[in-house]
There are 2 protein chains.
Amino acid sequence: MSLQESSGVALWRQVADGIERGIADGRFAAGEKLPGEIEIADTYRVNRHTVRRALAALAERGLVRAERGSGTYVEAQRLAYPLRSRTRFSEIVGAGGREPRGQLIDASEEPATRELARELGLKTGAPLVRIESVRLADRTPICISTSWLSADRFPGAGAVFANVRSMTKLLAHYGVRDYRRASTRVTATIVDASDAARLDLALGRPVLVVDSTDVDTDGKPLVTKRARFAAERVEFLVENS
Amino acid sequence: MSLQESSGVALWRQVADGIERGIADGRFAAGEKLPGEIEIADTYRVNRHTVRRALAALAERGLVRAERGSGTYVEAQRLAYPLRSRTRFSEIVGAGGREPRGQLIDASEEPATRELARELGLKTGAPLVRIESVRLADRTPICISTSWLSADRFPGAGAVFANVRSMTKLLAHYGVRDYRRASTRVTATIVDASDAARLDLALGRPVLVVDSTDVDTDGKPLVTKRARFAAERVEFLVENS
DNA sequence: TCAAGTTGTCTATTATCATAGACAACTTCA
DNA sequence: TGAAGTTGTCTATGATAATAGACAACTTGA
C-alpha cells in the first residue's frame, strides 16, 4: 500500500478511504475486527496517529466502532438499487426491509434551458416546476433529487409534492396511472458542498449522478431528473435483458 | 459556494473539484474562458493563491490551459459509454472517432473464491486465470479491468490475451463466436493507489466500478470482470428497453 | 493473577496549507 | 499609445497536517 503526497488529500483521509474500500468490497466483513492500529500504520507506512485520525473519521460516520483494549469493529452495508425501466424508490427501499421516506427541500418555477426542453419535448424557455428533494432509508439520506416538470401540464406540482412526498403519487394526482424510465445516464463526481450537508456526507466523497427521464405509456415525457446518490451507501444493479 | 474545513481535503482541491464539476456538467463549455482568478477566489471565498493552486492542478491534468494576460480556458470532454447486453470497448471508442487500445498488465492463476465461483458456475477453489488489463482511447487510459476465466476451459488465456489484447478476440480463439452481458453492477469509490498510477489519475478522484459477467448464447458463464473507470473521463448510458 | 495486546491521551517538532500584500509580465481593446 | 484587466512570481506569517515517543487505561486469554 503506497500513498500519494501533495495530492490535496490528507494522508489520514487516504488511509480512511482505503479501509472503507476494504469494507465495501468485503475484505473486512460487517462485525469483523479490523487489524490493530499499529498493523494498519505499518501496511500504509504512516504514523499510528495518522491511522487513529482515519479510524476516528470512519467511526464518526458510523462505519466502524472502536473498543478500548479490544479492537476496532466494522458496522455497515450498502443498499442494492436496481436500475430498470420501472424504478420506484419506495419499492426498492421497502424490499430491503427499510423504511423509505421523502422530503421536499425546495420547489420553484424556472424557464426551460435548451437541454431540459429537449428532454421534456418542450420549447426552450417553457415554464417548468423544479422540485428539489431528499430521499431516505430509515434515517439515512440516500440521494438528493432535482426534478423538472412542465408547469403547464402540472400546475402547482411543488405544493402537491410537499404533501404526498413521492413522485409516483404526484403524477397520479394529475391522472398519470403508469410511467416508465425512458433513459438513464450514470456518472460519478465529487459531492458539492450543499449536497454534502444534506446527505450528511463528508466533502471529497464520491456521488453517483443519475440523469433520467420518465415517460407515460405513450412515450410522452413527464419528468426529467438529476439524482445524486451517496456512493458509499448504494450499489446500482443494471438489468440486462 | 461554501467550502468545508478539516474534511481531509485541501481547500485548493475542493476549488479544483468545483471547477471540474462546472466543466463536466457544461457550466463551462470546452474552449470557453473561465472567470478570472480574483472572481473565482471571490465566489469560493478563498485567497487568490489557493485558486491558482487549483487551476495549476487542473492544468497539469490537461483540463484547462492558462494564457498569461488573457485568461484560463477549458480543454476536455467525456467519453459516452453505453451499458447494454452487447458491450464491446473497441466498438464504443471507435464510434467516438478515437483509437481504442488494450494492454496486458498482469496474468496469473488463482483458485476461485466463493463469490467468483458462484458467478462463473464453478466450484469454490476451481482454477481460474486472472487477467489484469488497461484500456485506452487514443493515449488516454479509460479503465483498468480485472477478468477471471476458468483455467480448465481457457488454458493459457493470459498468453493469448497478451497477443490479441481484446477479450472478444480471446474468446474467439477458444471458439466462442458470440457472447452477451448477463449482469452488470455499478458503484463508485475513490481510486486506490495502484489504479491511480495506471489510470494517470490523482489520488482522491472517483472511479466507477463495474462488476459484470458475460455468458455465451446458451447462458453459460464465460468470464466475470471488475472494471474501474476514471469517472472524469466517461459517462455511462443505461439503455432501458 | 499476570503478561501481552489493544485503544486513549499527552507533549513536542517539522513540513505543508492557506492567507496576505506587492509588483512584474503580458493581453486586450478603446 | 495607454489604461484596464489578466496571469506569474516573490516574500512573509499563522494554522493545520504528519511524525515521533512515552505512558495510561482497558481487554483478553493463559
Side-chain angles (χ1 to χ4, degrees), chain A residues 1-19 28 31-75 190 193 202-204, chain B residues 1-19 28 31-75 190 193 202-204:
Chain A
M1 306 270 184
S2 74
L3 301 185
Q4 198 167 305
E5 281 177 29
S6 67
S7 63
V9 182
L11 275 182
W12 64 264
R13 179 60 184 275
Q14 297 184 41
V15 173
D17 288 341
I19 295 170
F28 306 124
E32 202 174 279
K33 182 167 151 183
L34 290 178
E37 293 172 354
I38 296 171
E39 188 179 338
I40 297 177
D42 219 55
T43 60
Y44 286 98
R45 277 175 246 273
V46 294
N47 192 274
R48 178 174 156 241
H49 293 86
T50 307
V51 173
R52 283 185 58 68
R53 176 134 198 207
L55 290 173
L58 293 174
E60 183 157 14
R61 287 174 39 220
L63 262 87
V64 302
R65 166 183 37 84
E67 287 184 11
R68 184 179 189 144
S70 170
T72 305
Y73 300 82
V74 178
E75 296 268 39
I190 297 296
L203 261 219
Chain B
M1 309 269 185
S2 75
L3 302 186
Q4 198 167 305
E5 282 178 27
S6 67
S7 62
V9 182
L11 274 182
W12 66 262
R13 179 59 183 272
Q14 296 185 42
V15 173
D17 288 341
I19 294 170
F28 306 124
E32 202 173 278
K33 183 167 150 182
L34 290 178
E37 293 172 354
I38 296 171
E39 188 179 337
I40 296 176
D42 218 55
T43 61
Y44 286 96
R45 278 176 246 272
V46 295
N47 192 275
R48 177 174 157 240
H49 293 87
T50 307
V51 172
R52 283 185 58 69
R53 177 133 196 208
L55 290 173
L58 293 174
E60 183 157 13
R61 287 174 39 219
L63 262 86
V64 304
R65 167 183 37 85
E67 287 185 8
R68 185 182 188 139
S70 169
T72 305
Y73 300 83
V74 178
E75 295 269 39
I190 297 296
L203 261 219

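Chain letters run A, B, ... following the sequence lines, proteins first and then strands; every chain starts at 1. The analysis underlying the following values was restricted to heavy atoms, covering all of them including side chains, and did not include hydrogens, waters or symmetry mates.
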### Query
Which listed nucleotide (C:dC17, C:dC10, D:dC10) is nearest to the side chain of A:H49?
C:dC10

### Query
Choosing from D:dG8, D:dT19, C:dT19, which nucleotide comes nearest the side chain of B:V46?
C:dT19

## Note on the structure
Closest non-hydrogen atoms of B:Y73 and B:S70, given as atom of the first, atom of the second and distance, are OH-OG, 2.6 Å

### Message
Pick the closest DNA chain D nucleotide for A:N47 and for A:E67 by heavy atoms, then say which residue is nearer the 5' end.
### Response
A:N47

### Task
Map B:K33 and A:T50 onto DNA chain D by nearest heavy atom, then report which one ends up closer to the 5' terminus.
B:K33

### Message
So if I take every side-chain heavy atom of A:R68 and compare against C:dA18, D:dG8, D:dA25, which nucleotide ends up nearest?
### Response
D:dA25

### Query
To the side chain of A:E37, which of D:dA18, D:dT9, C:dT7 is closest?
C:dT7

### Task
Verify, without hydrogens or angle tests, whether B:Q14 (side chain) and B:V9 (backbone) share a donor-acceptor contact under 3.5 angstrom.
yes

## Note on the structure
Tightest non-hydrogen contact, residues B:W12 and B:A54, listed as O-CB, 3.2 Å

### Query
In whole angstroms, how far is the C1' atom of D:dA20 from the CG atom of A:D42?
15 Å

### Query
Out of D:dA18, D:dA20, C:dT28, which nucleotide sits closest to the side chain of B:S70?
C:dT28

### Under-4.0 Å side-chain N/O to phosphate OP1/OP2 contact, A:R52 with C:dT7
no

### Message
Between C1' on C:dT7 and CZ on A:R53, what's the gap in Å once rounded to a whole number?
### Response
18 Å

## Note on the structure
Of C:dC17, C:dT9, D:dG8, the nucleotide closest to the side chain of B:R48 is D:dG8

### Query
CG of B:L55 to CD1 of B:I19: how many Å apart, nearest 0.5 Å?
4.5 Å

